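A quick write-up on the structure given underneath.
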Amino acid sequence: MNGYVENKDDLLKRLRRAEGQVRGIARMVEEDKYCIDIITQVSAATKALETVALSLLGDHLTHCVAQASAEGGAVADEKIREANEAIARLVRS
C-alpha cells in the first residue's frame with residue numbers, strides 16, 4: 001500500500017486544481033495577456049505542484065521509509081537513497 005493512500009482524495013483535488021491553472025495559463029497565452037500576469041499564474045501553478053510533491057514526500061518518509069528503516073538492511077538503504085534523491089530534485093527545481 002502506498003503511503004499517500006489516506007491523502008489520495010486531497011492530492012487528486014490539488015492536481016485537478018493545478019491542471020485547471022495550467023489550462024488557464026495556456027488560454028492567457030492564446031489571448032495575448034500581459035507577460036507579468038502569465039508569470040504570476042505560472043508561479044501559482046508551480047507552487048500548487050510543489051505542495052503536492054511535498055505532501056507525497058512527507059507520506060513517503062512517514063510510511064515507506066519508516067517501514068523500511070524498521071526492517072533495516074539494504075531495503076532501508078534503498079528507501080533512504082530514494083528519499084534523498086527526491087529531495088535533491090525538489091530543491092533543484
Side-chain angles (χ1 to χ4, degrees):
M1 177 170 61
N2 291 315
Y4 62 83
V5 72
E6 293 179 11
N7 299 325
K8 187 174 180 178
D9 290 339
D10 182 55
L11 289 172
L12 288 170
K13 184 170 115 178
R14 289 176 182 276
L15 286 167
R16 282 188 213 98
R17 189 176 308 132
E19 181 182 22
Q21 286 176 307
V22 172
R23 280 195 307 270
I25 293 166
R27 193 169 32 257
M28 290 176 78
V29 171
E30 289 171 352
E31 296 171 358
D32 297 321
K33 297 294 182 183
Y34 185 54
C35 301
I36 298 302
D37 293 339
I38 297 170
I39 291 169
T40 299
Q41 292 306 310
V42 168
S43 178
T46 300
K47 185 58 88 179
L49 289 174
E50 286 173 353
T51 300
V52 169
L54 288 172
S55 176
L56 287 167
L57 181 60
D59 290 339
H60 181 69
L61 291 172
T62 58
H63 182 264
C64 301
V65 174
Q67 182 178 357
S69 293
E71 293 175 21
V75 173
D77 293 342
E78 175 65 15
K79 293 297 179 187
I80 291 170
R81 183 192 61 75
E82 286 176 348
N84 280 329
E85 289 176 359
I87 292 166
R89 284 192 301 274
L90 284 173
V91 170
R92 281 193 298 261
S93 62

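Small disclaimer: the values here were computed from a predicted structure and weren't measured.
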- Message: Is there a path of hydrophobic side-chain contacts, each under 4.5 Å between heavy atoms of I/L/V/M/F/W/Y residues, joining Ile36 to Val42?
- Response: no
- For the atom pair CZ (Arg89) and CG (Asn84), what is the distance rounded to the nearest 0.5 Å? 10.5 Å
- Message: If you count heavy atoms of other groups shown closer than 6.0 angstrom to CD of Glu6, is the number above 12?
- Response: no
- Query: Between the side chain of Thr51 and the main-chain N/O of Lys47, is any donor-acceptor distance below 3.5 Å?
  - Reply: yes
- Roughly how far, to the nearest 0.5 Å, is CZ of Arg27 from CD of Glu30? 8.0 Å
- Query: Under a 4.5 Å side-chain heavy-atom rule over Ile, Leu, Val, Met, Phe, Trp and Tyr, are Leu54 and Leu11 clustered together?
  - Reply: no
- Message: Let me confirm one number: the NZ-CG distance from Lys13 to Leu15, rounded to the nearest 0.5 Å.
- Response: 12.0 Å
- Note on the structure: In this structure, CD of Glu50 is separated from OG of Ser43 (nearest 0.5 Å) by 8.0 Å
- Co-membership, hydrophobic cluster, residues Leu57 and Val5, 4.5 Å side-chain: no
- Query: Any chain of hydrophobic side-chain contacts (each under 4.5 Å) joining Tyr4 to Leu49?
  - Reply: yes
- Message: Any heavy-atom pair between the side chains of Arg16 and Leu12 that's under 4.5 Å?
- Response: yes
- Message: Can you confirm whether His60 sits close enough to Lys79 that some side-chain heavy atom of one is under 4.5 Å from a side-chain heavy atom of the other?
- Response: yes
- Taking a hydrophobic cluster as the set of Ile, Leu, Val, Met, Phe, Trp and Tyr residues connected by side-chain heavy atoms closer than 4.5 Å, whether directly or through intermediates, do Val91 and Ile80 fall within one such cluster? yes
- Output the distance between atom CZ (Arg14) and atom CG (Asn7), rounded to the nearest 0.5 Å. 9.5 Å
- One should read off an interatomic distance between Thr40 OG1 and Met28 CE, to the nearest 0.5 angstrom, of 7.5 Å
